[in-house]
Amino acid sequence: MLTASSGAAGVRGRGGGGGGGGGRAGRQAGSAVSGLRPWRVRLREGAEPACEKGVARHPRERGVSLSARPQREVPGQGRPQVRGAGRPPPRGEPPRPRWSLRPVPSPVSVPPCPLRCVCGGVCVCVCPCPSVPASPAPSGSVSMNILLELFVVTFRVLWAFVLAAAKWLVRPKEKSVAGQVCLITGAGSGLGRLFALEFARRRALLVLWDINTQSNEETAGMVRHIYREMAQAAATSRVAGEGEKDALPRCDLQVYTYTCDVGKRENVYSTAERVRKEVGEVSVLVNNAGVVSGHHLLECPDELIERTMMVNCHAHFWTTKAFLPKMLEMNHGHIVTVASSLGLFSTAGVEDYCASKFGAVGFHESLSHELKAAEKDGIKTTLVCPYLVDTGMFRGCRIRKEIEPFLPPLKPEYCVKQAMRAILTDQPMICTPRLMYMVTFMKSILPFEAVVCMYRFLGADKCMYPFIAQRKQATNNNEAKNGI
């Protein structure tokens with residue numbers, strides 16, 4: 001509530017006659033100006049005060065209208081009369097105020113003035129101009145926010161190092177994949193077959209994809225044999241009264257085989273639709289299929305280059321697009337990308353293979369960041385980058401014979417066991433052997449000429465040349481047999 005008073009020198013008397021104001025009533029009105037009593041006003045609720053240097057202004061200067069006007073003091077009647085004040089209010093109603101202010105509604109809402117009032121903070125002023133921009137935040141507070149965030153980020157980075165070191169000392173608990181649908185591409189041979197056997201031992205429902213129907217069925221037969229052994233062991237345990245409560249019945253352990261060329265987009269999508277109808281939604285997707293041409297760049301046909309890129313890189317896009325939507329809906333799943341150490345650093349003679357594996361690594365990393373940005377923490381990803389694996393795919397590949405005893409080709413069983421441990425513990429990336437981490441780090445920080453010197457010392461610059469020579473000889477032999 002605000003009460004203000006002022007002199008009445010600025011209020012004119014109203015003449016009582018209808019003439020030009022020169023009559024007696026006009027003279028009385030003019031002479032009665034000095035007899036007006038000082039006016040006192042009250043602000044109704046909603047009327048906002050405005051000030052300039054702490055001095056209240058007249059209501060008319062603030063844009064409000066008076067509901068009653070002061071009258072001259074009539075001789076013999078004492079106090080000035082207000083229009084309507086002589087009539088008594090109806091019964092049950094409070095008495096009418098002598099003065100009232102009605103705020104004039106503004107067409108736009110005026111924001112509070114961000115600047116300090118010129119009166120020194122005695123009152124809260126309302127800025128008369130709505131176009132006054134809000135004052136920006138002080139630069140000091142912005143700097144403090146950045147420093148605080150930098151401190152939090154530094155703490156999280158250090159904490160990530162602590163957790164990684166703790167996993168080296170204390171082996172994390174492996175999660176269960178029992179009863180979950182696991183799809184493996186390239187399951188007919190090599191690492192894909194070993195992955196299928198490992199998931200079967202953990203009682204997962206397997207879906208096997210391969211372009212070779214016969215080899216794919218051979219893998220399925222091995223899986224069924226493991227299922228039968230597990231069922232017999234579970235039955236024996238139940239008879240002895242020592243069965244596990246979470247043991248799955250034999251009918252739940254099944255394996256499904258599909259002949260699919262993952263290098264063809266339409267074939268991938270149609271086979272994925274069959275899997276959803278016949279088996280169900282896939283929870284674990286292992287992109288393992290891969291091929292190698294085994295030719296120098298200028299000697300490699302364009303069709304083989306395209307084939308390598310389609311199977312080793314593009315197929316990851318098609319399979320992920322086919323099964324990722326349901327994973328996002330359920331916020332549950334695991335995507336495994338089986339790449340290669342040649343997706344982290346390259347060598348001579350296998351340009352198409354290195355390019356396809358680099359593409360697979362880039363795809364996997366970008367997908368992992370996208371899932372993190374979408375806050376889908378229930379979907380895990382694991383990147384598998386093994387060193388040269390003795391599966392026959394790169395038969396004949398050799399490094400320097402003095403160094404080879406320290407870096408022999410990996411056994412497929414060891415490689416898959418390490419990868420399974422990383423998958424079941426939700427490890428984002430696994431390189432086998434661990435020396436590959438150091439090689440990747442040094443390749444990132446050393447000059448190119450230094451990397452070339454290291455390659456030549458290890459014999460890695462021409463390690464693929466014996467493999468390419470054997471592949472070329474085998475191709476010539478096949479062509480000769482076909483010609484005969």
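Numbers for residues simply follow the sequence, beginning at 1.
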Any Pro409 side-chain heavy atom under 4.5 Å of Phe394 side chain
no
Fit a plane to each ring of Phe323 and Trp209, take the angle between them on a 0 to 90° scale, and name the class: parallel (under 30°), tilted (30 to 60°) or perpendicular (over 60°).
tilted
If I compare all heavy atoms of Arg400 with all of Phe457, which pair ends up nearest, and what's the gap?
NH1-O, 3.0 Å
Option among Thr337, Asn287, Thr320 that satisfies the side chain to side chain donor-acceptor pair (under 3.5 Å) test with His364:
Thr337
Would you please test Val292 and Arg471 for side-chain contact (heavy atoms from CB on, under 4.5 Å) and show each step?
CA-CA 10 Å; Val292 60; Arg471 196 66 174 259; 3.7 Å; yes
Roughly how far apart are Arg202 CZ and Ser176 OG, rounded to 0.5 Å?
10.0 Å
Flag side-chain contact, heavy atom, 4.5 Å: Leu304 against Asp352
no
Keeping Thr271 on the side-chain end and Asn267 on the backbone end, is there a donor-acceptor pair under 3.5 Å?
yes
With no hydrogens and no angle check, do the side chains of Glu229 and His225 hold a donor and an acceptor under 3.5 Å apart?
yes
Please examine the side chains of Leu328 and Leu371, heavy atoms only from C-beta on, and report whether any two atoms are closer than 4.5 Å.
yes
Return the minimal non-hydrogen interatomic distance between Ala289 and Val262, and the atom names on each side.
CB-CG2, 3.9 Å
Should Glu198 and Lys417 count as an ion pair when the cut-off is N to O under 4.0 Å?
yes
Determine yes or no for a side-chain-to-main-chain donor-acceptor pair under 3.5 angstrom, with Lys380 supplying the side chain and Asp377 the backbone.
yes
Could you check whether atom CZ of Arg201 has more than 12 heavy atoms from other residues, nucleotides or ligands sitting under 6.0 Å from it?
yes
Flag side-chain contact, heavy atom, 4.5 Å: Thr319 against Val268
yes
What's the shortest heavy-atom distance between Phe199 and Met420, and which atoms?
CE1-SD, 3.6 Å
Within a reach of under 6.0 Å around CZ of Arg276, are more than 12 heavy atoms found that belong to other residues, nucleotides or ligands?
yes
Measuring from Asn216:CG to Tyr258:OH, what's the distance to the nearest 0.5 Å?
11.0 Å
Taking all non-hydrogen atoms of both residues into account, name the closest pair between Pro408 and Tyr387 and its distance.
O-CE2, 3.6 Å
Keeping Asn288 on the side-chain end and Gly186 on the backbone end, is there a donor-acceptor pair under 3.5 Å?
yes
Any donor-acceptor pair under 3.5 Å linking the side chain of Arg193 with the backbone of Gly188?
yes
Supply the atom-to-atom distance Ile399 CD1 to Cys463 SG, rounded to the nearest 0.5 angstrom.
8.0 Å
Can you check side-chain contact (heavy atoms from CB on, under 4.5 Å) on Leu344 and Met436, steps first, answer last?
CA-CA 9 Å; Leu344 304 175; Met436 296 298 102; 5.7 Å; no
Are the side chains of Gln418 and Leu410 in contact, using a 4.5 Å heavy-atom criterion?
no
Is there a side-chain contact between Val181 and Val284 (heavy atoms, below 4.5 Å)?
no
Is it the case that the side chains of Thr213 and Thr259 hold a donor-acceptor pair, with the cut-off being a distance below 3.5 Å and no angle test?
yes
Would you say that more than 12 heavy atoms from the other residues, nucleotides or ligands in this model lie under 6.0 Å from the NZ of Lys376, or not?
yes
Smallest heavy-atom separation, Thr347 atom then Ala460 atom, equals OG1-O, 2.6 Å
Between Thr219 (side chain only) and Ala187 (backbone N and O only), is there a donor and an acceptor less than 3.5 Å apart?
yes
Please check: side-chain N/O of Asp390 versus main-chain N/O of Pro412, any donor-acceptor pairing under 3.5 Å?
no
Nearest non-hydrogen partners of Ile335 and Met327, listed with the distance:
CG1-SD, 4.1 Å
Below 30° counts as parallel, above 60° as perpendicular, anything between as tilted: where do the rings of Tyr269 and Trp318 land?
perpendicular
Do Cys182 and Phe195 have side chains that approach each other closer than 4.5 Å (heavy atoms only, starting at C-beta)?
no
Residues, nucleotides or ligands: over 12 heavy atoms within 6.0 Å of Glu266 CD:
yes
Looking only at atom types and distance, does a side-chain atom of Arg203 sit under 3.5 Å from a main-chain N or O of Met230, one as donor and one as acceptor?
no
Can you check side-chain contact (heavy atoms from CB on, under 4.5 Å) on Thr382 and Asp426, steps first, answer last?
CA-CA 7 Å; Thr382 300; Asp426 296 332; 6.0 Å; no
Take Lys411 and Glu413 through the test salt bridge (charged side-chain N to carboxylate O under 4.0 Å, His left out) and record every step on the way to the result.
CA-CA 6 Å; Lys411 295 296 182 181; Glu413 295 78 10; over 6 Å; no
Can you tell me how far OG of Ser444 sits from CZ of Phe345, rounded to the nearest 0.5 angstrom?
11.0 Å
Taking Tyr437 for its side chain and Cys431 for its backbone only, find out whether a donor-acceptor pair lies under 3.5 Å.
yes
Should Glu404 and Lys401 be marked as a salt bridge (charged side-chain N to carboxylate O under 4.0 Å, His left out) after you check the CA-CA gap, both sets of side-chain angles, and the distance that decides it?
CA-CA 5 Å; Glu404 191 170 3; Lys401 60 181 181 179; over 6 Å; no
Nearest 0.5 Å, please: how far is CD in Glu299 from OG in Ser293?
10.5 Å
Compute the ring centroids of Phe363 and His314, then answer whether they are less than 6.0 Å apart.
no
In terms of heavy-atom contacts, does CG of Leu169 have more than 12 from other residues, nucleotides or ligands at under 6.0 Å?
yes
Counting only heavy atoms not in Gln214, do more than 12 fall under 6.0 Å of its CD?
no
Could you walk me through whether Glu370 and Leu324 pass side-chain contact (heavy atoms from CB on, under 4.5 Å), step by step?
CA-CA 12 Å; Glu370 183 173 350; Leu324 182 60; over 6 Å; no
Please round to the nearest 0.5 Å and tell me the distance separating atom CG of Leu424 and atom NZ of Lys173.
12.5 Å
